[in-house]
Amino acid sequence: MASLCLNSLPLPPSSQSQPKKLVETSLFSSVSYNSPNGLVKGGGESLKPIVISGNPPTYVSAPGRRIVAVGDLHGDLEQTRCALEMAGVLSDDGQDLWVGGETVLVQLGDILDRGEDEIAILSLLRSLDIQAKSQGGAVFQVNGNHETMNVEGDFRYVDPGSFDECSDFLEYSDEYQDDWEEAFVNWIGVSSRWKENQKSTQNYWGPWNIVKRQKGVIARSILMRPGGKLACELARHSIVLKINDWVFCHGGLLPHHVEYGIDRINREVSLWMRGLNETDDGPRIPFLATRGYDSVVWNRLYSRDSSELEDYQVEQARQWCKYNCNIWRIDVGMSSGVLNSMPEVLEIRDNKARVIKSKSSAYSELQAADYT
């Protein structure tokens, strides 16, 4: 599914959603931080702190920061590292170190499914976020349709190797007892070794392999169900995220989503993933965000040619464009489980967007397709 970045989209406040200022209230938490080393802009002027409002993050003020956005990763750790190195935020020495300084990195969802290193990628991004904050930068994630599908228990697109990773990770995390944070952050450093150990003992034709696969399905169900450890990890992230003048989401944002309130959408999805909004019939799924053709994570309006749209859909699109907005589709199908295409990264500097296609190539405008 296409990941979208929308520029110059004013999000009008509503009585249920957006506060007038980035302040701490009962509905919004406001967090600010900067580099302990004192970041300095080109002319010697210190950068202002990053201010985050909302839980999960909804509005972010990141003055003077370079922003890089990365699309769908679908369980491909090798391509993930390639994209992050290309973005200039990950070291190329295999040590998984943040080298982006005060850069703000945004990953636009669909980390899950089609590949076998999903938890390793989630762990890598969490580790990079911790490192980035110490340098005045930040890492944000936006949940996509494949994240919400897995929390619903829809495992149709799960790679067999990812079931194994869930089983291995659950066993590994048990060693940490109650220290989930340490187990999760450290997984990126040990996951490859666990995978190699499993491959060396694997018998694809033996009865043990069938039992192992069943064990993997059970492990994934435990981790991904509402209230499960990985579901709660996903609940830390937004469905829609506004950073400075840019809005990031997976799928597409429509006027009725904004009217409903993006902070309300983020909060309701987060509560559902944490298993905190259960009714007599089970967890209540936030339909507006996660279900239906015009929900946030499934909407493909901006991935279709205008000639294919109904009149009312064209008019909806124009409601955005009257603000001279720029809409960037950044899913390039880089995962080996999709198209295995060359990674591309969207870079935003001084409110202008460019695409980095490789370390040595020049910038160019992005043209990417929409992938389910």
Interatomic spacing from [atom1] in [X] to [atom2] in [Y] - rounded to 0.5 Å:
{"X": "T103", "Y": "L128", "atom1": "OG1", "atom2": "CG", "answer": "12.0 Å"}
{"X": "L108", "Y": "W328", "atom1": "CG", "atom2": "CH2", "answer": "14.0 Å"}
{"X": "R126", "Y": "I119", "atom1": "CZ", "atom2": "CD1", "answer": "13.5 Å"}
{"X": "T58", "Y": "D263", "atom1": "OG1", "atom2": "CG", "answer": "5.5 Å"}
{"X": "L122", "Y": "L234", "atom1": "CG", "atom2": "CG", "answer": "6.0 Å"}
{"X": "D72", "Y": "Q79", "atom1": "CG", "atom2": "CD", "answer": "13.0 Å"}

Quick one: closest heavy-atom pair of [X] and [Y], and the distance?
{"X": "S221", "Y": "F155", "value": "OG-CE1, 3.5 Å"}
{"X": "G136", "Y": "R65", "value": "O-NH2, 3.2 Å"}
{"X": "E85", "Y": "L90", "value": "CG-O, 3.6 Å"}
{"X": "M224", "Y": "A231", "value": "O-CB, 3.3 Å"}
{"X": "I239", "Y": "V142", "value": "O-CG1, 3.2 Å"}
{"X": "G333", "Y": "V338", "value": "CA-CG1, 4.0 Å"}

Exercise for review: Any chance you could pull the hydrophobic cluster mates of V185, using side-chain heavy atoms under 4.5 angstrom and chaining through other members?
Suggested key: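 Members besides V185, by chain and number: I130.
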
Does [X] have any side chain to side chain contact (heavy atoms under 4.5 Å, CB included) partners at least two apart in sequence or in another chain, and if so, which?
{"X": "S123", "answer": "W187, I188"}
{"X": "D179", "answer": "Y176, E181, E182"}
{"X": "P56", "answer": "S238, N266, S270"}
{"X": "S91", "answer": "D93, Q95, L97, V99"}

Review point. Are V345 and M342 in one and the same hydrophobic cluster, where Ile, Leu, Val, Met, Phe, Trp and Tyr link if side-chain heavy atoms are under 4.5 Å apart?
Key: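 In one cluster with V345: M342, no.
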
Practice item. Quick one: which residue pairs count as a salt bridge (Lys or Arg N to Asp or Glu O under 4.0 Å) with a foot in residues 167-177, not counting sequence neighbours? Key: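 As it turns out, there is no salt bridge (Lys or Arg N to Asp or Glu O under 4.0 Å) pair with a partner in residues 167-177 once direct neighbours are skipped.
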
Practice item. Evaluate side chain to side chain contact (heavy atoms under 4.5 Å, CB included) for L253 paired with V247, printing each intermediate quantity in order. Key: CA-CA 9 Å; L253 195 67; V247 178; 3.8 Å; yes

Check your understanding: Can you name the residues that form a salt bridge (charged side-chain N to carboxylate O under 4.0 Å, His left out) with D117, not counting sequence neighbours?
Key ->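 Residues passing salt bridge (charged side-chain N to carboxylate O under 4.0 Å, His left out) with D117: K195.
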
Practice item. Taking atom types as modelled, find out whether N351 and W246 have a side-chain donor-acceptor pair closer than 3.5 angstrom. Key: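 Present: a donor and an acceptor within the cut-off.
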
Point to revise | Pair H250, N143: side-chain N/O donor-acceptor within cut-off below 3.5 Å | key: no

Point to revise | Audit row: Q141, I111, side chain to side chain contact (heavy atoms under 4.5 Å, CB included) steps and yes/no | key: CA-CA 10 Å; Q141 293 171 237; I111 290 173; 3.5 Å; yes

[X] side chain vs [Y] backbone, donor-acceptor pair below 3.5 Å:
{"X": "N299", "Y": "S295", "value": "no"}
{"X": "E147", "Y": "L112", "value": "yes"}
{"X": "K242", "Y": "N244", "value": "yes"}
{"X": "D113", "Y": "G115", "value": "no"}
{"X": "T290", "Y": "P286", "value": "yes"}
{"X": "H74", "Y": "G337", "value": "no"}
{"X": "S167", "Y": "D164", "value": "no"}

Who are the side-chain hydrogen bond (donor to acceptor under 3.5 Å, both in side chains) partners of [X], not counting sequence neighbours?
{"X": "S127", "answer": "Q131"}
{"X": "S336", "answer": "D76"}
{"X": "E268", "answer": "Y260, R264"}
{"X": "R193", "answer": "none"}

Practice item. Can you sort out the partners of F184 under ring pair (Phe, Tyr, Trp, His ring centres under 6.0 Å), two or more places apart, ordered by chain and number? Key: W180

**Study point:** Salt bridge flag under 4.0 Å for residues R81 and E78
**Key:**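 No, this pair does not count.
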
Practice item. Scan R66, R354, K352 and name whichever one has a side chain to side chain donor-acceptor pair (under 3.5 Å) with E347. Key: R66

Check your understanding: Going through the distances and angles, do N150 and T148 end up as a side chain to side chain contact (heavy atoms under 4.5 Å, CB included)?
Key -> CA-CA 5 Å; N150 274 268; T148 62; over 6 Å; no

Check your understanding: Quick one: is the NZ or CZ of R329 closer than 6.0 Å to the six-membered ring centre of Y302, and within 45° of its axis?
Key ->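 Negative - R329 is either too far from the ring of Y302 or too far off its axis.
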
Review point. Run the side chain to side chain contact (heavy atoms under 4.5 Å, CB included) check on Y59 and I243 step by step: do they pass?
Key: CA-CA 6 Å; Y59 304 101; I243 304 178; over 6 Å; no

